[in-house]
Amino acid sequence: MTEGKRTPWVVGVSGASGTPYAAAVIRGLLAAGESVDLVVSRASRLTLLDETGIAFRDAHWRGDLAEWLERGADGKPATFARPELDDVRYWGAGDLAAGPSSGSYPVQGMLIVPASTACVAGVALGLSKDLLQRVASVTLKERRRLVVAVRETPLSGQTLKHLVTLDEAGAVVLPASPAFYAGATHIQDLVDFVAGRVLDAAGVPHALYRRWEGELGGAAARKGEHGGAAAPEGELAGSRDSRGAGEGAEGV
C-alpha cells in the first residue's frame with residue numbers, strides 16, 4: 001500500500017480492563033491487510049501494565065506493541081507470531097495536532113476497544129480532552145464508522161444515556177460480551193469472539209470465530225473434539241498462529 005493511498009483504521013485503547021480485546025482487533029486488522037493508526041490513552045497504559053506486565057512507552061512503542069500482540073489472552077508470551085508493523089502508525093494521547101485529529105486526514109473509521117465509561121462519557125459529551133476523544137468526535141462529525149466496545153458492568157443509568165447518545169449520533173455500541181455458541185474452549189476464543197464482532201461492525205473480513213449456521217449442537221461438537229477440555233496449543237480460534245510457541249485500572 002502506497003503512502004498516498006493509505007487509509008487506516010484508527011484503534012483507540014482506553015483505560016477499561018480488556019487489553020487482550022485490543023490486541024486481537026489489531027492482529028485481525030493487520031491480518032486483513034488493513035492499515036492501523038494507534039492511540040493508547042494514558043489510563044490504558046496502567047491497565048496494560050497490570051494485565052500483561054508490559055510498560056507501553058512512546059519512545060519504544062514499536063517494540064512494546066510487538067510484545068503486546070505476541071501475547072495471548074491467558075498472559076503467555078510468544079503465543080502469536082511476531083507481527084509486521086510497517087503499516088502501523090502510533091500517535092501519542094496528548095498529541096492534539098496528530099493527523100487523525102483533523103477531518104481532512106483520511107481514515108476509514110475508528111474502533112475504540114476496550115471503551116471505558118469515562119471514555120464513553122467524554123465522547124458522548126464531545127469533550128475532546130485527549131487525542132482519543134478528539135478522533136472519536138471527528139469520526140462522528142465526518143459520518144465515518146465509529147465502533148465503541150464498552151467494557152464495564154454493571155452500567156449506571158448515566159452511562160446508558162451516554163451510550164444512547166452515541167447510538168443516536170451514528171456510532172455502533174458494541175458491549176464486550178463474548179458468546180458461547182462458537183464452542184469456546186479457551187479464554188482466547190472468548191476474546192477473539194468479541195474482537196471478531198468489532199471487525200464485523202467495521203466490515204473487515206476475518207476468521208476469528210465459528211459463525212452461527214442455523215444448526216444446534218455446534219458448540220458441544222467442537223468441545224467434544226477436545227474431550228471437553230481446553231484446546232491443544234496452536235488450535236485456539238481462527239486467530240491463533242500455529243507457528244507460535246503457545247499462545248485494570250478504569251479510566252479514559
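Residues take their numbers from the sequence shown, with the count starting at 1. All values below were derived from every heavy atom in this structure, side-chain atoms included, with hydrogens, water molecules and symmetry-related copies excluded.
A cation-pi arrangement is found for Arg27 relative to Phe80, the charged atom lying closer than 6.0 Å to the ring centre and inside a 45° cone about the ring normal.
Scanning all heavy atoms of the two residues, the minimum distance from Leu29 to Leu111 falls at CD1-CD1, 4.0 Å. The two atoms that bring Pro205 and Ala32 nearest to each other are O-CB, 3.8 Å, heavy atoms only.
Taking hydrophobic clusters as Ile, Leu, Val, Met, Phe, Trp and Tyr residues chained together by side-chain heavy-atom distances below 4.5 Å, Val150 shares a cluster with Val10. One hydrophobic cluster, built from ILVMFWY side chains closer than 4.5 Å, holds both Val107 and Trp91.
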Candidate pair Leu155 and Leu163, rule side chain to side chain contact (heavy atoms under 4.5 Å, CB included), full reasoning
CA-CA 10 Å; Leu155 295 172; Leu163 293 173; 4.1 Å; yes
Using the side chain to side chain contact (heavy atoms under 4.5 Å, CB included) rule, take Val198 and Tyr21 through it: C-alpha gap first, then chi angles, then the decisive distance, then the call.
CA-CA 9 Å; Val198 171; Tyr21 292 132; over 6 Å; no
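In this structure the side chain of Pro114 reaches within 4.5 angstrom of the side chain of Val13, judged on heavy atoms.
The main-chain N or O of Ser116 is found under 3.5 Å from a side-chain atom of Ser14 such that the two form a donor-acceptor pair. Side-chain atoms of Arg144 do not come within 3.5 Å of backbone N or O of Met110 as any donor-acceptor pair. Proximity of a side-chain donor or acceptor of Arg89 to a complementary backbone N or O of Pro8 within less than 3.5 Å is not detected. A side-chain donor-acceptor contact under 3.5 Å links His206 to the backbone of Gly196. Judged by distance alone, with hydrogens and angles left aside, the side-chain atoms of Asp189 form a donor-acceptor pair with the main-chain N or O of Thr185 at under 3.5 Å. Looking only at distances, no side-chain donor or acceptor of Ser102 sits under 3.5 Å from a matching main-chain atom of Gly99. In this structure, Ser101 contributes its side chain and Ala98 its backbone to a donor-acceptor pair below 3.5 Å. Under the 3.5 Å distance criterion, the side-chain polar atoms of Thr117 are left unmatched by any main-chain donor or acceptor of Thr159. For Asp192 (side chain) and Tyr209 (main-chain N/O), no donor-acceptor pair under 3.5 Å exists by modelled atom type. Not one N or O on the side chain of Gln133 forms a donor-acceptor pair closer than 3.5 Å with the backbone of Gly126.
Checked against the 6.0 Å centroid criterion, the rings of Tyr181 and Phe193 qualify as a close aromatic pair.
Arg6 has a carboxylate O that lies under 4.0 Å from a charged side-chain N of Asp37, or vice versa, which qualifies the two as a salt bridge. Comment: Arg42 does not engage Asp130 in a salt bridge, judged by the lack of any side-chain N to carboxylate O separation of less than 4.0 angstrom. A salt bridge is defined here as a Lys NZ or Arg NE, NH1 or NH2 lying under 4.0 Å from an Asp or Glu carboxylate O, and Arg45 with Asp58 meets this definition.
Surrounding CZ of Arg143 are at most 12 heavy atoms belonging to other residues, nucleotides or ligands under 6.0 Å away.
Using modelled atom types and a 3.5 Å distance limit, the side chains of Gln108 and Thr7 yield no donor-acceptor pair.
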